[in-house]
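Heads up, the thing below is written out as structure tokens.
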Amino acid sequence: EVILGLKYDKSIDLWSLAVTLAELFTGSVLFPGNTNNDMLQRFMDCLGPFSNKMLRRHFLSYQKLQLQPHFDPEDYRFKMQTFDKVTGKPVIQHVHLNELLSSSSKKQLVHVLLKAKSASDDRGSVLKFSDLLVRCLALDPHKRISIQDALSHDFISPATKKKTLDKAPEQPPII
């Protein structure tokens, strides 16, 4: 949200927490970008594309800030910025999101976490951990898991669901 110039709320704290937890688990930076543009590309590599709704808000925000947006307002292609190896000057390529995302499956968070797990880590627990992190890292903050739902996620409190299922429905009092 910050890089796109969007308003943000407390759900951004879930994003920060998830990034921190992933980095603690893997021992490496989750999104090691050098520029805002590079960070956006890494977010999309790992988490998929931004919604058109978010991109439209990005265009409006950057227009108010008098900045060049990271996406083309006409066709929503990503303006991927690289640097010429000889001159060091920036080079902008307009890339369709499906071109960017077709080669990114190994960068998906679940693959990153499974690769980093130790022999003693339970695969099922790592998959649950990945699911929680992916829900906390939803690019659209309106689709991000709520704090309450995160606390009751199967990775955090696996017994909660079992207790709920085992509990018999309450009978009305006999008068």
Side-chain angles (χ1 to χ4, degrees), residues 1-62 69-71 76 78 97-98 100-170:
E1 294 111 295
V2 173
I3 294 173
L4 294 177
L6 307 179
K7 292 182 181 178
Y8 55 90
D9 60 21
K10 63 185 176 189
S11 71
I12 201 166
D13 294 334
L14 282 172
W15 172 278
S16 300
L17 175 65
V19 169
T20 301
L21 291 174
E23 291 175 351
L24 287 170
F25 184 82
T26 63
S28 60
V29 178
L30 185 59
F31 302 115
N34 295 317
T35 65
N36 285 345
N37 187 272
D38 190 21
M39 294 292 287
L40 291 173
Q41 181 178 349
R42 290 172 187 270
F43 296 160
M44 292 184 292
D45 284 346
C46 185
L47 304 167
F50 289 95
S51 68
N52 288 348
K53 182 179 177 181
M54 284 187 73
L55 295 181
R56 285 191 296 272
R57 292 190 344 243
H58 165 60
F59 300 142
L60 290 172
S61 176
Y62 266 48
H70 293 279
F71 296 83
Y76 298 162
F78 180 57
L97 294 179
N98 58 356
L100 260 181
L101 303 174
S102 63
S103 63
S104 66
S105 64
K106 290 186 179 178
K107 296 177 187 174
Q108 289 177 350
L109 189 58
V110 67
H111 298 294
V112 171
L113 295 175
L114 286 171
K115 185 177 178 183
K117 85 175 192 68
S118 69
S120 63
D121 291 329
D122 175 61
R123 180 174 165 67
S125 294
V126 174
L127 293 174
K128 288 177 187 177
F129 181 53
S130 173
D131 181 68
L132 174 61
L133 295 185
V134 166
R135 292 169 188 258
C136 291
L137 292 170
L139 292 174
D140 186 336
H142 298 105
K143 294 180 180 176
R144 204 167 288 151
I145 192 171
S146 71
I147 293 170
Q148 189 60 42
D149 287 344
L151 290 173
S152 63
H153 187 276
D154 201 32
F155 178 75
I156 302 292
S157 50
T160 304
K161 290 183 180 176
K162 186 174 182 342
K163 286 179 187 175
T164 304
L165 294 174
D166 291 344
K167 187 177 178 183
E170 292 186 29

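All of these numbers come straight from a predicted model, not from anything done at the bench.
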Beyond-backbone contact of I147 with D13, side-chain heavy atoms, under 4.5 angstrom: no
Backbone of A22 reached by a side-chain donor or acceptor of T26 within 3.5 Å: yes
For F78 against Q41, the heavy-atom pair lying closest together: CE2-CB, 3.8 Å
pair V29-E23: side-chain heavy atoms closer than 4.5 Å: yes
Stepwise side chain to side chain contact (heavy atoms under 4.5 Å, CB included) test for L109 and L137: CA-CA 10 Å; L109 189 58; L137 292 170; 3.8 Å; yes
Pairing of R144 and E1 as salt bridge, 4.0 angstrom limit: yes
Closest approach of S152 to S157 (non-hydrogen atoms, all atoms of both residues): CA-OG, 3.5 Å
Heavy-atom side-chain contact between L30 and F43 under 4.5 Å: no
Test item: L113 and L133 side chains (from C-beta on) under 4.5 Å apart, heavy atoms: yes
Between CZ on residue R123 and CG on residue L127, distance to nearest 0.5 Å: 5.0 Å
Pairwise distance CG(L14) to OG(S146) - rounded to 0.5 angstrom: 8.0 Å
Modelled atom types, side-chain donor and acceptor of D121 and S118, under 3.5 Å: yes
Between CH2 on residue W15 and OG1 on residue T20, distance to nearest 0.5 Å: 11.5 Å
Parallel, tilted or perpendicular, as decided by the 30° and 60° cut-offs, for the rings of H58 and H70: parallel
Spatial distance of atom CG (D140) from atom CE (M54) [nearest 0.5 Å]: 5.5 Å
Worked verdict on V2 versus N36 for side chain to side chain contact (heavy atoms under 4.5 Å, CB included): CA-CA 10 Å; V2 173; N36 285 345; over 6 Å; no
Distance-only donor-acceptor check, side chains S11 and D9, under 3.5 Å: yes
Contact check, side chains of S51 and R56, non-hydrogen atoms, under 4.5 Å: no
Side chain to side chain, L114 and V126, heavy atoms closer than 4.5 Å: yes
CG-CG distance between L132 and L17, expressed to the nearest 0.5 angstrom: 8.0 Å
Test of ring centre spacing under 6.0 Å for F59 and F71: no
Those residues that, when tested against R135, pass side chain to side chain donor-acceptor pair (under 3.5 Å) (two or more places apart): D131
Shortest non-hydrogen separation from N52 to Y76 and the atoms involved: OD1-CD1, 3.1 Å
Short side-chain to backbone donor-acceptor contact, D38 and N34, under 3.5 Å: yes
Approximate separation, where rounding is to 0.5 Å, of F50 CZ and I3 CD1: 7.5 Å
Check: C46 and Q108 side chains under 4.5 Å, non-hydrogen atoms: no
